[in-house]
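First the structure, in the form of structure tokens, and then the observations on it.
This structure is a prediction, so every number in the text was calculated from the model and none was measured. In each ligand, atom 1 is the first atom listed, and ligand 1 is the first ligand listed.
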Amino acid sequence: MKVLLLGSGGREHAMAWKLAQSPLCQKLYIAPGNPGTALEGENISLEILDFDGIGRFCLEREIDMVIVGPEAPLVEGIVDYFAQKPELTSIPVIGPSREAARLEGSKSFAKLFMKRHSIPTAAYKEYQIGQLDQAMSDLDRHALPLVLKADGLAAGKGVLICHQRDEAKAELRAMLEGKFGEASSTVVVEEFLQGREMSVFALSDGLNWVLLPNAKDYKRIGEGDSGPNTGGMGAICPVPFASEGLMERIKEQIVGPTVEGLQKDGLRYQGFIYFGLMIVDQEPWVIEYNCRLGDPETQAVLPMLRSDLLGLLQRVPGQQLNDVVMEYEQGFAATVILSSAGYPAEYQTGYLISGIEQARGALVFHAGTKTDENGQLRTSGGRVLAVTGKNNKLFSALEQAFTALEHIDFEGLSFRRDIGHDLM
Ligand code: AMP
Ligand code: GLY
């Protein structure tokens with residue numbers, strides 16, 4: 001197969017790494033990719049939202065499948081674009097339709113979906129600016145802490161956990177008055193769930209589904225889960241506390257009903273579903289849906305998947321995932337993100353990166369890197385590299401990652417040393 005993968009982060013490097021291992025993969029293109037994906041296939045300078053350009057490229061190069069890494073092209077309707085163009089309809093795009101991608105793009109849509117299909121999620125109410133007085137008086141009686149969520153995509157900043165009533169009221173008002181523009185014209189106010197977070201990843205063909213290995217993400221910048229939220233500073237796969245019993249409940253109460261619900265609602269979804277879960281007393285609750293794989297979870301999850309990823313994806317368009325037996329690797333993968341000083345706030349880029357060749361015994365995925373005019377590798381993002389160790393024991397997987405990353409250097413290099421410590 002000739003495959004086009006869209007995206008340019010660490011997740012996409014891990015996806016390209018896995019896809020390139022498939023005996024089915026005849027040619028892999030990545031648009032726009034990064035210096036890491038260039039080691040696995042051919043980078044193409046196409047923008048991920050340039051659907052006309054992507055379509056033309058697919059016809060020219062006779063692409064057999066398009067795989068989408070980040071949510072933006074899905075939320076913008078790349079699946080519908082291909083489905084509606086007669087010359088492109090035969091090229092499958094892995095991912096949900098624009099309408100189904102609202103599971104990620106709109107918290108309000110996701111909450112209504114879960115309510116309609118009896119999928120466990122925190123109790124909530126939603127408000128718009130016209131309901132400001134009602135919202136303020138409801139907040140007077142709401143249990144604390146409580147969670148405020150901007151309805152739309154707000155660059156990862158749209159969720160706020162409030163411990164003080166005054167803070168909650170001021171924030172809710174600011175959001176409804178346009179703090180995040182259109183994204184917060186509707187705000188979901190949600191009950192706070194106290195528990196342990198984990199992420200579950202399904203691949204659905206619209207009828208059947210399989211699970212990839214599960215993972216835990218470390219979202220806060222600081223050790224001990226302190227400081228602001230980031231895209232993710234590390235990941236462990238699989239989650240040691242995810243017992244067989246818990247996974248059964250997740251499948252029965254959440255994954256199955258979600259895929260059936262999409263079908264009942266007539267929402268076309270042939271792609272990855274990311275379930276952000278809170279486990280409260282061994283019971284799973286959905287915190288959020290994403291319509292793509294996680295970053296950096298993918299950098300830990302795909303090294304733990306023994307099954308051929310492209311082999312699985314090939315079965316999606318024809319809805320043939322029903323008789324697949326998934327194969328996972330034994331043990332654990334531990335991913336540590338090397339970030340730029342200052343991230344997730346302002347940070348500098350363009351620093352020379354050294355030592356990747358010496359970082360043996362671990363996988364090094366590129367996230368925010370670029371090659372300069374002299375062919376030297378430099379930083380170009382907040383999250384720069386993802387280093388993944390793999391071993392039968394979680395402790396040893398972490399040790400491999402930390403030993404390998406000691407060789408890597410760039411100005412301002414930062415990372416969390418406590419990734420996985422809560423799980424040992
Ligand atoms: P989200 O952007 O929906 O992933 O939310 C960001 C983070 O907020 C999650 O990873 C959780 O840690 C936290 N969070 C969201 N909703 C809740 C909730 N209902 N109870 C507790 N924590 C939550
Ligand atoms: N690591 C969290 C996410 O990908 O949304």
In plain terms, say whether [X] and [Y] are close enough for a salt bridge, that is, a side-chain N and a carboxylate O under 4.0 Å apart.
{"X": "Asp225", "Y": "Lys219", "answer": "no"}
{"X": "Arg416", "Y": "Glu223", "answer": "no"}
{"X": "Lys216", "Y": "Glu297", "answer": "no"}
{"X": "Glu126", "Y": "Lys111", "answer": "no"}
{"X": "Asp80", "Y": "Arg268", "answer": "no"}

Name the closest protein heavy atom to [atom], giving the residue it belongs to and the distance to 0.1 Å.
{"atom": "atom 23 (C) of ligand 1", "result": "Ile287 CD1, 3.8 Å"}
{"atom": "atom 3 (O) of ligand 1", "result": "Lys107 NZ, 3.0 Å"}
{"atom": "atom 16 (N) of ligand 1", "result": "Lys149 NZ, 3.1 Å"}
{"atom": "atom 2 (O) of ligand 1", "result": "Val159 CG2, 3.2 Å"}
{"atom": "atom 13 (C) of ligand 1", "result": "Ile161 CD1, 3.8 Å"}

Going by the order shown, which atoms of ligand 1 are within less than 4.0 Å of some heavy atom of [X]?
{"X": "Lys219", "value": "10 (O)"}
{"X": "Phe192", "value": "20 (N), 21 (C), 22 (N)"}
{"X": "Val147", "value": "16 (N), 17 (C), 18 (C), 19 (N), 20 (N)"}

The one among Glu190, Met278, Glu288 that brings a heavy atom closest to atom 19 (N) of ligand 1: Glu190

Of the listed options Glu191, Gln194, Glu197, closest to atom 11 (C) of ligand 1 (non-hydrogen atoms):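 Of the listed residues, Glu197 has the closest heavy atom.
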
Cation-pi check, Arg292 onto Tyr274 ring (under 6.0 Å, within 45° of axis):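 Satisfied, under 6.0 Å and within 45°.
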
Side-chain H-bond candidate by donor/acceptor type, Ser184 with Asp151, under 3.5 Å: no

Gln299 and Thr335: side chain donor to acceptor below 3.5 Å: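 No - no donor-acceptor pair under 3.5 Å links their side chains.
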
Trp17 and Phe365 aromatic ring geometry - parallel, tilted or perpendicular at 30°/60° bounds: perpendicular

Leu6 side chain near Ile54 side chain, heavy-atom distance below 4.5 Å: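 They are in contact (side-chain heavy atoms under 4.5 Å apart), so the answer is yes.
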
For ligand 1, the portion of Leu193 having any non-hydrogen atom under 4.0 Å away: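 Both of them.
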
Those protein residues which place at least one heavy atom below 4.0 Å from ligand 2: Asp217, Gly231, Tyr274, Asn290, Arg292, Gly294, Asp295, Pro296, Glu297

For Arg417, all residues meeting salt bridge (Lys or Arg N to Asp or Glu O under 4.0 Å), sequence neighbours excluded: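 For Arg417 there are no salt bridge (Lys or Arg N to Asp or Glu O under 4.0 Å) partners, ignoring immediate neighbours.
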
